[in-house]
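What follows is a single structure, written as structure tokens, with notes after it.
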Amino acid sequence: MDILKIEDLSKVYGKGVTEVKALDRVSFSVKKGEFVVIIGPSGSGKSTLLHLLGGVDRPTSGNVFIDNTNIYELDETQLAIFRRRQIGLIYQFYNLIPILTVEENITLPVLLDGHKVDGKQLDEIVRILGLKERLSHLPNQLSGGQQQRVSIGRALISNPAIILADEPTGNLDSKNSSEIMELLKMFNKTFNQTLIVITHDERIALQADRVISIEDGRIAKDEVLHP
Ligand code: ADP
Ligand code: ADP
């Protein structure tokens, strides 16, 4: 089953002489449970693609279907709700809320939707992420690797259709980077959690099931490494 389908996605910034075609009719699909890396040099359109997949920006043309919902047919309010439930975002610089505790940061997406947190699920996520003793700490009391684990927890808590990670290890040393990748792969393999990682790091690409290379806003290569 395709959990994500992108059709003829284009994004143009600016007008006339300043016009930049950041994405040019990009199409691909991702199956439920796949681990896909999207790789490309600086300026190739990765951030633009990430923002369009994440429902953060709107395309110039084309469609994004996530779990059969055409996300750009939703209005702003519906899109905000859809994003919190179905898209788990992980950023290079964690984007945690500094005045909230670890537990509050992780559970925020569920609370914002007015739902109750499933205590068993929270316990399991926290245990796997090794954050049990850190639940009442604030983000600035944690190491970078721990902060990224909190943001993984926040991304997973609403059982999203896809996890979208933007250079998730870009700010970490090699030991913490491999730990974070191992955790992401564990959730991908054990819980069949679809995982899309955007990076320029070849070492991360080698760990994926499939690698999509983008250059100048187009797909240059789409390779299955581990079928
Ligand atoms: P990457 O993330 O791979 O570095 P981007 O998606 O940021 O690539 O950029 C793709 C192209 O679009 C680049 O030429 C960049 O300068 C341009 N671009 C990105 N965002 C904007 C913007 N907000 N306004 C104008 N041009 C932009
Ligand atoms: P990243 O490290 O995520 O690739 P970038 O340096 O490509 O970051 O872009 C950082 C931000 O600046 C993004 O929000 C992008 O949309 C914006 N941006 C990138 N290029 C341009 C540009 N030429 N003009 C205006 N905004 C840009």
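By convention here, the first residue in the shown sequence is residue 1.
Residues in residues 81-91 take part in these side chain to side chain donor-acceptor pair (under 3.5 Å) pairs, two or more places apart or across chains: Arg84-Asp113, Arg85-Asp113.
By the salt bridge (charged side-chain N to carboxylate O under 4.0 Å, His left out) test, Lys189 is found to be paired with Asp209, residues two or more places apart in sequence or in another chain being considered. For Ala22, the side-chain contact (heavy atoms from CB on, under 4.5 Å) partners are Tyr13, Thr48, not counting sequence neighbours.
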Are Ile128 and Met186 close enough, and set up right, to give a side chain to side chain contact (heavy atoms under 4.5 Å, CB included), and what steps lead you there?
CA-CA 9 Å; Ile128 295 171; Met186 202 281 296; 3.1 Å; yes
Side chain to side chain contact (heavy atoms under 4.5 Å, CB included), that's the test. Do Ile125 and Ile157 meet it? Break it down for me.
CA-CA 8 Å; Ile125 289 177; Ile157 194 75; 4.1 Å; yes
Stepwise side chain to side chain contact (heavy atoms under 4.5 Å, CB included) check, Leu52 with Lys11
CA-CA 9 Å; Leu52 295 179; Lys11 179 73 182 182; 4.1 Å; yes
Given side-chain hydrogen bond (donor to acceptor under 3.5 Å, both in side chains), test Glu167 with Thr199 step by step and report yes or no.
CA-CA 5 Å; Glu167 302 281 3; Thr199 186; 3.2 Å; yes
Steps toward side chain to side chain contact (heavy atoms under 4.5 Å, CB included) verdict (Asn95, Arg154)
CA-CA 11 Å; Asn95 283 17; Arg154 177 184 57 188; 4.2 Å; yes
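Salt-bridge annotation for Asp2 and Lys32: absent, with no side-chain N of the basic residue lying under 4.0 Å from a carboxylate O of the acidic one. Salt-bridge check for Lys120 with Asp118: failed, with every basic side-chain N at 4.0 Å or more from each acidic carboxylate O. Ion pairing between Arg210 and Glu34 holds under the 4.0 Å rule for side-chain N and carboxylate O. A salt bridge links Glu182 to Lys185: at least one charged side-chain nitrogen sits closer than 4.0 Å to a carboxylate oxygen. Salt-bridge annotation for Asp24 and Arg218: present, with a side-chain N of the basic residue lying under 4.0 Å from a carboxylate O of the acidic one.
A donor-acceptor contact closer than 3.5 angstrom is absent between the side chains of His226 and Gln207.
Hydrophobic clustering, with ILVMFWY side chains joined whenever heavy atoms are under 4.5 angstrom apart, groups Leu4 together with Leu164. Cluster annotation: Ile162 and Val110 are assigned to distinct hydrophobic clusters (Ile/Leu/Val/Met/Phe/Trp/Tyr, side-chain heavy-atom contacts under 4.5 Å, transitive). Note: the hydrophobic cluster containing Ile39 does not contain Val36 (ILVMFWY, side chain heavy atoms under 4.5 Å, direct or indirect links). Both Ile204 and Tyr94 are part of a single hydrophobic cluster, where members link through side-chain heavy atoms under 4.5 Å apart. Grouping the Ile, Leu, Val, Met, Phe, Trp and Tyr side chains by contacts below 4.5 angstrom, directly or via other members, places Ile219 apart from Phe35.
A side-chain donor-acceptor contact under 3.5 Å links Lys46 to the backbone of Gly40.
Counting heavy atoms from C-beta outward, Ser27 and Ile6 have side chains that stay 4.5 Å or more apart. Between Phe187 and Leu195, every side-chain heavy-atom pair lies at or beyond the 4.5 Å cut-off. Taking 4.5 Å as the limit, some side-chain heavy atom of Asn105 sits within range of a side-chain heavy atom of Pro139. Between Phe191 and Leu156, the closest side-chain pair of non-hydrogen atoms is not below 4.5 Å. Pro160 places none of its side-chain heavy atoms less than 4.5 Å from the side chain of Ile87. You'll find the side chain of Leu184 stays beyond 4.5 Å of the side chain of Asn188, heavy atoms only. Under the 4.5 Å side-chain criterion, counting only non-hydrogen atoms from C-beta, Gln193 is not in contact with Asn159. With contacts defined as side-chain heavy-atom distances shorter than 4.5 Å, the pair Gln148/Ile90 qualifies.
Glu19 CD: more than 12 foreign heavy atoms inside a 6.0 Å radius. More than 12 non-hydrogen atoms from other residues, nucleotides or ligands lie less than 6.0 angstrom from CZ of Arg58. Counting non-hydrogen atoms of neighbouring residues, nucleotides and ligands closer than 6.0 angstrom, the CG atom of Asp216 reaches no more than 12 such neighbours.
Its side chain within the 4.5 Å cluster rule, Leu112 clusters with Ile97, Ile99, Leu100, Leu108 among the Ile, Leu, Val, Met, Phe, Trp and Tyr residues.
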Indicate every side-chain donor-acceptor pair of residues 60-67 with a distance under 3.5 Å to a residue at least two apart or in another chain.
residue	atom	partner	partner atom	Å
Thr60	OG1	Val12	N	2.8
Asn63	OD1	Asn70	ND2	3.4
Asn63	ND2	Glu7	OE1	3.3

For residues 130-138, dump all side-chain donor-acceptor pairs below 3.5 Å to protein atoms at least two apart in sequence or in another chain.
none

